[in-house]
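Keep in mind that this is a model prediction, so the values were computed, not measured. Letters A, B, ... mirror the listed sequences (proteins, then strands); counts begin at 1.
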Amino acid sequence: MFHQIQSSLQRLVADHIQARYGVEINVALEEPADSRFGELALTVAFPLAKLLRKAPRAIAQELVTDLGALPGAAALEIAGGGYINIRLDRGAYGVSLQGEGGPAASQPGKIIVEHTNINPNKAAHIGHLRNAVLGDTFVRMLRASGNRVEVQNYIDNTGVQVADVVAGFHFLESKNLDEVAALASGDKFDYLCWDLYARVSQHFKDSPADEKTWRHETLHAIEEGRGDLARMGHIVADAIVGCHLRTMARLGIHYDVLPRESEILHLKFWAQAFELLKQREAIYLETEGTKKGCWVMAGSHYQEDAAEDDSKVIVRSNGIVTYVGKDIAYQLWKFGLLGRDFYYRPWPGAVEGHPVWASAADPQPGDAPGFGGGTTVYNVIDSRQSYLQDVVAAGLRALGYTNQADHSIHFSYEMVALSPRACAELGIELSDEDKGKGHVQVSGRKGLGVKADDLIDKLIASAMREVSDRHAGAPEVERREVASQIAIGALRYFMLKYTRNTVIAFDMQEALSFEGDTGPYVQYAAVRARRILREYEGRTGSLPDFGGLGAEAIGRHLADENLWQLALAVSKVDTAVARAVASGEPAHVAKYAFQLAQGFSRFYHDYPVIHEPDLEKRTFLLWMTDCFRRQLERVLDVLGIPVPAYM
RNA sequence: GGGGACGUAGCUCAGUUGGAUAGAGCAUCUGCCUUCUAAGCAGAGGGUCGCAGGUUCGAGUCCUGCCGUCCCUACCA
């Protein structure tokens, strides 16, 4: 509600200034620092003063007189050197709160969000979790704002990382296809590969010769798509993708389509993109220097003040395309610019209840929905890859797709590192070099990291102890369900409370915390709101008819400053989501959710709703409780955090 | 060397296009459970917003320099 009033008043004032003074100016309509100044404040008199060479206070006076009565506003006041403070009509505002939370107006176009993208060769770790939670929450924010969104999870099933694990099975462990297939269909195959990958990496470090020959042979076989090694690659990658989907499903994260690199190769996406890049001279064949024989993109395309010899290799001198090259082809497909498409088949390893499509190399029976062809593309990728993302966007621009390049957005975030204490708890021995640092990078090669499933299990166990303590009589299945919802709340919130460019130094104690600025705190508020309403219904049979509360009664009760501030906080879900979408910061939604929960906790403490003797006041408080409940549920849904039956 | 990010309370972090007296959680200390569950509430202490200049009615926010930390700068991804 706040969001609607804010934007309509903003438009109104801007139009007025345009008509009255003939100037186009950015009208800032902000929330005053102190609530005593009202609900909204205009600072536009200050910049206007400069333009019109007049005192700001005089202009403010003029504006207030000319604007007269604004819809929804009860009063305009001039303060300080030229602020115009706006006080809202509390009764009308309260009534309008009843209709809050309807579906947002649908936005044009289709937004593609690519996230997760974990190499399918080992278990997911906390770094991957940050990516997926950030991506999934951003998707929820966009959908809540009326956007059509397609979620893609790119599967690099033909890369070095998968090849290394295959090499491990084949060369290091001498396992044949059937043996690997048996392991792959077993439990915790991703954990098994986690260890194997670390062992292979160590072996390669010790025996660099093996690294060259084993990796080359495996990679070659996989790219050719022939023989047992290639088959083993598919078995490993497909099984691990299944593990990843199950891990993410535990947190309520799902996907629409899994584009795989194997299809990008087999359907000649790259060949097509290569032709385009050559035709439009976005890349050229290097004829001298260290990159002789490579197809490269000139540094001037993706970097300001690029040195003459700055360039990025797109095709190696041996004819093999780099990852960036493939990514350019993939990015073109996402915008529908490639002139080719995948075939699609339902992914057999999908989580029950959440079907997902995967790319296929051959025509498939049945009707698959259309994928790709987005108007805006967000790539959720950690900030270390910003250089490569710049190259990909530069590729689009160099091909003449300026608009698409501008709508190709690197949704970057900093890594999750391990705090020294976390390392100690995990029994990880640190090198002297690492000891000196504030935190240590997660490393799949070293097997250094916290596995996502382990962390989730730990959180559930911790929540379970608390739940069992409080609800000893409840059935175990039910307690387990509640504990797992609390664990999800804690984990998702923990990953979201930091802004994207903050490095998270992962600390088990902080992640396991259920108090203060945490997910469970917000869940607890929603649970308590529901409980009051349920309790009241249980005692009296039904909730009162809130429609009977007119603007007059609501306005009278909202004259109480405490209650008014709470009602105001309740009405800002859309404001918070809109701001978070505009700034690309899911943390803003988390912050708001926490503040809303704080507001409710205060309300809960200060107003014994059910015990209120006055009938009208009681009805009003129940109405407030219901407003809180509805908005807490809405904002938690955007954060992907469930509301437990009890806590 | 070049490019980028960051530096705010003891710790971990917010701070919306520059706006009114710089916030939260944790930790510490003090109160509050016969009431709709205390995973909660109320209160206290704690700050030269890295340092130095500049821009202006106004700077944690913008510009310059310096100090410090981290990331990137592959014919890996």
Comparing A/S317 with A/F594, nearest RNA chain B nucleotide closer to 5' gives the residue A/F594
Check: How is A/E31 classified with respect to the nucleic acid when contacts are heavy atoms under 4.0 Å: base, sugar-phosphate, or nothing?
Finding: nothing
Original post:
Does A/K292 pair with A/E288 as a salt bridge, N-O distance under 4.0 Å?
Top reply: no
>> Under 4.0 Å, heavy atoms only, any strand: does A/A587 hit a base, just the sugar-phosphate, or nothing?
In response: nothing
Taken to the nearest whole Å, CZ/A/R528 to C1'/B/A38 is 7 Å
Students often get this wrong, so: under 4.0 angstrom with heavy atoms, is A/Q441 touching a base, only sugar-phosphate, or nothing? sugar-phosphate
Heavy atoms only, 4.0 Å cut-off, all strands: where does A/D156 land among base, sugar-phosphate and nothing? sugar-phosphate
Next on the checklist: Are A/Y302 and A/Y387, when compared by the centres of their aromatic rings, separated by less than 6.0 Å?
Outcome noted: yes
**Message:** Stacking between B/A20 and A/Y83, yes or no? Criterion: centroid separation under 5.5 angstrom, plane angle under 30 degrees.
**Reply:** yes
Q) C1' atom, B/C6 versus B/G60: distance in rounded Å? A) 14 Å
By nearest-nucleotide position on RNA chain B, the 5'-leaning member of A/F514 and A/N119 is A/F514
Anything under 30° is parallel, anything over 60° is perpendicular, the rest tilted; go ahead and classify A/Y154 against A/Y323. perpendicular
Please verify the inter-ring angle class for A/F274 with A/W270; under 30° counts as parallel, over 60° as perpendicular, anything in between as tilted.
parallel
**OP:** Determine the contact category for A/R539: base if any of its heavy atoms lies under 4.0 Å from a base atom, sugar-phosphate if only primed atoms, P, OP1 or OP2 are that close, otherwise nothing.
**Re:** sugar-phosphate
| task | Establish whether the base of B/A42 is bridged to the side chain of A/R602 by a donor-acceptor pair shorter than 3.5 Å. | result | no
Picking from B/A24, B/U17, B/G40, the nucleotide nearest the side-chain atoms of A/Q598 would be B/A24
Which class fits the ring pair A/F506 and A/F494: parallel under 30°, tilted 30 to 60°, perpendicular over 60°?
perpendicular
Taking B/A5, B/C41, B/U12 as options, the one with an atom nearest any side-chain atom of A/N501 is B/A5
Among B/C72, B/C75, B/A20, the one nearest any side-chain atom of A/Y387 is B/C72
Picking from B/G15, B/U17, B/G19, the nucleotide nearest the side-chain atoms of A/F46 would be B/G19
Original post:
Say you pick atom C1' in B/A39 and the same atom in B/G47; how far apart are they, in whole Å?
Top reply: 30 Å
Taking B/G65 as the reference, what is the distance to B/U73 when you measure between their C1' atoms (whole Å, please)? 24 Å
ask   = How would you label the contact of A/V160 with the nucleic acid (heavy atoms, under 4.0 Å): base, sugar-phosphate, or nothing?
value = sugar-phosphate
Under 4.0 Å, counting only non-hydrogen atoms across every strand here, what does A/I486 touch: a base, just sugar-phosphate, or nothing?
base
Rounded to whole Å, OH of A/Y604 lies from C1' of B/G40 at a distance of 8 Å
Here the distance between atom P of B/G40 and atom CG of A/L596, to the nearest Å, is 16 Å
Hey, does the side chain of A/H588 come within less than 4.0 Å of B/G15's phosphate (OP1/OP2), counting only N and O?
-> yes
Taken to the nearest whole Å, CD/A/Q389 to P/B/C72 is 15 Å
Base of B/U17 paired with side chain of A/R579 (donor-acceptor, under 3.5 Å): no
Taken to the nearest whole Å, NZ/A/K497 to C1'/B/A14 is 11 Å
Margin query: Just to be sure I understand the rule, does A/T502 reach a base, reach only the sugar-phosphate, or reach nothing, if contact means heavy atoms closer than 4.0 Å?
Written below: sugar-phosphate
| said: Applying a 4.0 Å non-hydrogen cut-off, can you work out what A/L388 is touching in the nucleic acid: base, sugar-phosphate, or nothing? | reply: base
Here the distance between atom C1' of B/C70 and atom OH of A/Y498, to the nearest Å, is 17 Å
Pairing partner of B/U64, by Watson-Crick or G-U wobble and under 3.5 Å for both distances, is B/A52
Ranking B/A20, B/C75, B/G19 by distance to the side chain of A/A41, first place goes to B/A20
* To do: Any chance you could lay out the side chain to side chain donor-acceptor pair (under 3.5 Å) test for A/K122 and A/Q161, step after step, and finish with the verdict?
  => CA-CA 9 Å; A/K122 62 182 176 304; A/Q161 296 218 19; 3.1 Å; yes
Open item on the list: Whether A/R500 engages the ring of A/Y413 as a cation-pi pair (distance to the six-membered ring centre under 6.0 angstrom, angle to the ring normal within 45°) should be assessed.
Closed with: no
A/F600 CZ to B/G40 P, in whole Å, measures 14 Å
Aromatic ring proximity, centroids under 6.0 angstrom, A/F514 and A/Y524: no
Under a 3.5 Å limit on both distances, the Watson-Crick or wobble mate of B/A59 is none
Q. Expressed as a whole number of Å, how far does the C1' atom of B/U16 sit from that of B/G53?
A. 28 Å
Its glycosidic angle compared against 90° from 0, B/C72 adopts the form anti
Checklist entry - Would one find a side-chain N or O of A/Y524 under 4.0 angstrom from OP1 or OP2 of B/A39? => result yes
Under 4.0 Å, heavy atoms only, any strand: does A/E466 hit a base, just the sugar-phosphate, or nothing?
base
Parallel, tilted or perpendicular: which fits the ring planes of A/F594 and A/Y521, with parallel below 30° and perpendicular above 60°?
tilted
* To do: Check the angle between the aromatic planes of A/H203 and A/W214 and answer parallel, tilted or perpendicular using the 30° and 60° thresholds.
  => parallel
request  = Looking at every strand, decide which applies to A/V522 at a 4.0 Å heavy-atom threshold: base, sugar-phosphate, or nothing.
outcome  = nothing
Applying the 3.5 Å cut-off to both distances, the Watson-Crick or G-U partner of B/U30 turns out to be B/A42
With the side chain defined as heavy atoms from C-beta on, A/K591 is closest, among B/G40, B/A20, B/A14, to B/A14
| message | Distance check, C1' atoms only: B/G54 and B/C70, in whole angstrom units. | response | 28 Å
Separation of B/A77 atom P from A/K312 atom NZ, nearest Å, is 7 Å
When all nucleic acid strands are considered with a 4.0 Å heavy-atom cut-off, which category describes A/N117: base, sugar-phosphate, or nothing?
nothing
Inset, instruction - Considering only atom P, compute the distance from B/G4 to B/C62 and round it to an integer number of Å. - result: 15 Å
(Q) It should be established whether A/R534 places a side-chain nitrogen or oxygen under 4.0 Å from OP1 or OP2 of nucleotide B/C36. (A) no
Any strand, both distances under 3.5 Å, Watson-Crick or G-U wobble: B/U69 pairs with B/A5
Testing B/C36, B/G25, B/A14 for proximity to the side chain of A/I610, the answer is B/C36
Among B/G19, B/U21, B/A77, the one nearest any side-chain atom of A/Y323 is B/A77
### Task
Determine the interatomic distance between P on B/G50 and the same-named atom on B/C13; round to the nearest Å.
15 Å
Please report the distance separating the P of B/C26 from the corresponding atom of B/A44, rounded so that it comes out in whole Å. 16 Å
Practice item. Classify the side chain of A/N121 versus the base of B/A77 as yes if they form a donor-acceptor pair under 3.5 Å and no if they do not. Key: no
From the candidates B/G40, B/A20, B/C36, the one with an atom nearest any side-chain atom of A/P32 is B/A20
Touch check for A/Q523, heavy atoms < 4.0 angstrom, all strands: base, sugar-phosphate only, or nothing? nothing
Under 4.0 Å, counting only non-hydrogen atoms across every strand here, what does A/Y413 touch: a base, just sugar-phosphate, or nothing? nothing
